[in-house]
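Before any comments, here is the structure.
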There are 2 protein chains.
Amino acid sequence: MKTITVLLADDHMVVRSGLKALLGTQPGIEVVAEAASGEEALALAGQHGPAVVMMDLAMGAGMDGIEAIKQLRQRNSGQAILVFTTYDSDADIVRAVDAGAMGYLLKDASPEEIFAAVRGAVQGQSVMSAPVASRLFQQLRNPDAILTPREAELLSLLTEGLSNRELGQRLFISEATVKTHLAHIYAKLGVETRSAAIATAIRREGMR
Amino acid sequence: MKTITVLLADDHMVVRSGLKALLGTQPGIEVVAEAASGEEALALAGQHGPAVVMMDLAMGAGMDGIEAIKQLRQRNSGQAILVFTTYDSDADIVRAVDAGAMGYLLKDASPEEIFAAVRGAVQGQSVMSAPVASRLFQQLRNPDAILTPREAELLSLLTEGLSNRELGQRLFISEATVKTHLAHIYAKLGVETRSAAIATAIRREGMR
DNA sequence: CGCCGCCTCAGCCATTTGGCTGATACTGCT
DNA sequence: AGCAGTATCAGCCAAATGGCTGAGGCGGCG
């Protein structure tokens, strides 16, 4: 069996070395590079051409994980991308999958889960942690509550406290469009105000 | 020099093994036990009597890190406790120090910082990551940023997504008074909108 | 006592937000 | 070709929010 090459992208040094130590115990899996930011991940992916990229979504300064995933996919260099992050936010899950992630693992996943996800990813399988799967499953049961990728993106920015104007500037759309998206989000979340949407997003979506 | 014994408490397996691998490279430091929860940390600390306990604050289910620190200190068994966590929330810092933590490190700390913190802790020194120190320093410089009890109460309800009218009803005060309190809160938090205040409250004050 | 911080309230005005209706365009699927 | 879903934008109007000034009552503290 061919050795699976892995690139780790996480701004926490201890997480990288932990993951590296863990994956190192498995024959057939080798960590070939480590990145501490989205930019670095893109550069190192180009150099090493790993089979799998394990990516944190929240990476301190600069490019975030979602953006890095998008750009990796645009290159079409065939890596399987696994999200490896702390929280199981509905919005993040939707955005990550939309960006092209193959799997979604939480950082409290067991070693077995992690190995299975890496091996599965190179074979084109999607593996996700149980809580993540549960969230998705729950969403499938009432489709009206599913936010579109764009809506999820907006909701995520909403929790940063931005105004409609700022949201528009950040997403390169007009304020009118922002308001349209917000109205849809409110309807889907079952709230009437921006504040309640933020509160709901944070408490229900795990954006802690 | 005597070997420094360390207990790791963190619900993320990869963080524990990363920290263990990292500390293992240092002669004179040895990880003697690992706990995945507050309860486990208490039990293992009793068994092994480590010189230093490195503790995450947010540990999935059960007892959280703050509570575990308090109980460890009550026993008076002389361990130095280092907080090792992801976020630098003002509230968490204050609570951790109050509970008896000797130092406060963020997970993106460099290996050198971590080694220095462990060695310093056994000698009774307090070591904290730069962003943490910066926050504390900032608070000491302008005490005006401290919310009054009433303001804190309002801010807490604000994060539930209530409107001014609802806030007034809930607190038995007029909408005008609500607005006054809000204006003061915005000034102290350095924001201009309700949404930003909610975001700040949640992210900075640890009301997750 | 007098000062100061906190909590309370009012009115005015500009800005922001939310509700509504309707419209164009692109995509994927049938 | 036609439909459904998504994303984009516009205009209008009512309601909520935020900024500003001013003010009374109350409790602690020098």
Side-chain angles (χ1 to χ4, degrees), chain A residues 66-67 70 73-74 90-91 93-100 136 139-201, chain B residues 139 142-201:
Chain A
I66 299 278
E67 184 57 31
K70 277 188 192 158
R73 301 256 57 187
Q74 276 181 355
D90 284 355
I93 296 172
V94 171
R95 292 174 59 214
V97 171
D98 187 60
L136 281 185
Q139 287 219 338
L140 289 180
R141 288 200 319 170
N142 56 335
D144 290 347
I146 300 181
L147 298 180
T148 68
R150 196 55 157 171
E151 286 162 0
E153 194 178 3
L154 228 133
L155 181 58
S156 171
L157 286 178
L158 201 60
T159 65
E160 312 262 313
L162 303 185
S163 69
N164 289 349
R165 185 186 310 273
E166 292 169 322
L167 289 172
Q169 287 170 351
R170 194 75 84 82
L171 299 175
F172 306 105
I173 58 180
S174 78
E175 242 179 283
T177 306
V178 171
K179 288 176 70 174
T180 303
H181 284 310
L182 285 181
H184 293 160
I185 292 174
Y186 296 163
K188 288 183 179 179
L189 294 186
V191 299
E192 284 154 8
T193 69
R194 159 182 305 246
S195 301
I198 295 176
T200 304
Chain B
Q139 285 221 333
N142 63 334
D144 290 348
I146 301 180
L147 299 180
T148 69
R150 195 58 157 172
E151 285 162 1
E153 192 178 2
L154 228 137
L155 181 57
S156 170
L157 287 177
L158 201 61
T159 65
E160 312 263 315
L162 303 185
S163 69
N164 288 351
R165 185 186 310 274
E166 292 168 322
L167 290 172
Q169 288 169 352
R170 195 75 84 83
L171 298 175
F172 305 106
I173 57 180
S174 78
E175 237 178 291
T177 306
V178 170
K179 288 176 71 174
T180 303
H181 284 311
L182 285 181
H184 293 160
I185 293 174
Y186 296 164
K188 289 183 180 178
L189 294 186
V191 301
E192 282 153 8
T193 69
R194 159 182 306 248
S195 302
I198 296 176
T200 303

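In what follows, chains are A, B, ... by sequence order, proteins preceding strands, each numbered from 1.
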Open item on the list: Need one value for B:Glu175: base, sugar-phosphate or nothing, where a base atom within 4.0 Å counts as base even if backbone is also close, heavy atoms only.
Closed with: nothing
TODO: Using whole Å, report how far CD of B:Glu192 lies from C1' of D:dC20.
DONE: 15 Å
- [ ] Decide side-chain contact (heavy atoms from CB on, under 4.5 Å) for A:Leu171 and A:His181; before the verdict, give the C-alpha distance in whole Å, the side-chain angles of both, and the deciding distance to 0.1 Å.
- [x] CA-CA 12 Å; A:Leu171 299 175; A:His181 284 310; over 6 Å; no
Task: From A:Leu147 atom CG to A:Leu155 atom CG, the distance as rounded to the nearest 0.5 Å - done: 6.0 Å
Task: Selection from C:dT17, C:dA10, D:dT17 that lies nearest to any side-chain heavy atom of B:Ser174 - done: C:dA10
Open item on the list: Output the rounded distance in Å from CD1 (B:Ile198) to P (D:dT17).
Closed with: 10 Å
- [ ] State the CD-OG distance between B:Glu160 and A:Ser195, to the nearest 0.5 angstrom.
- [x] 12.0 Å
- [ ] Would you kindly compare B:Ser195 and B:Thr148 by the position of their nearest DNA chain C nucleotide and give the one closer to the 5′ end?
- [x] B:Thr148
- [ ] Using atom types as modelled and distance alone, determine if a side-chain donor or acceptor of A:Ser156 lies under 3.5 Å from a backbone N or O of A:Ala152.
- [x] no
Task: Inter-residue atom distance B:Leu167.CG - B:Leu162.CG, 0.5 Å rounding - done: 5.0 Å
Open item on the list: Near DNA chain C, counting only heavy atoms under 4.0 Å, which residues of residues 176-187 of chain A show up?
Closed with: A:Lys179, A:Tyr186
- [ ] Rounded to the nearest angstrom, tell me the gap between atom CG in A:Asn164 and atom P in D:dC9.
- [x] 14 Å
Open item on the list: Please report the interatomic distance OG1(B:Thr177) to CZ(B:Phe172), rounded to the nearest 0.5 Å.
Closed with: 14.0 Å
Task: Contact under 4.0 Å: A:Arg150 side-chain N or O vs D:dG5 OP1/OP2 - done: no
TODO: Grab the CD1-P distance between A:Ile173 and D:dA10 for me, whole Å please.
DONE: 12 Å
Task: Rounded distance (Å) that lies between atom P of D:dA7 and atom CG of A:Leu155 - done: 13 Å
- [ ] Quick one: pull up CD1 in B:Ile173 and OG1 in B:Thr180 and give me the separation to the nearest 0.5 Å.
- [x] 8.5 Å
TODO: Calculate the interatomic distance between A:Leu167 atom CG and C:dT17 atom C1'; express it in whole Å.
DONE: 12 Å
- [ ] In whole angstrom, give the distance that lies between atom CD of B:Glu151 and atom P of C:dC6.
- [x] 7 Å
- [ ] Round to the nearest Å and state the distance from A:Gln169 atom CD to C:dT16 atom P.
- [x] 11 Å
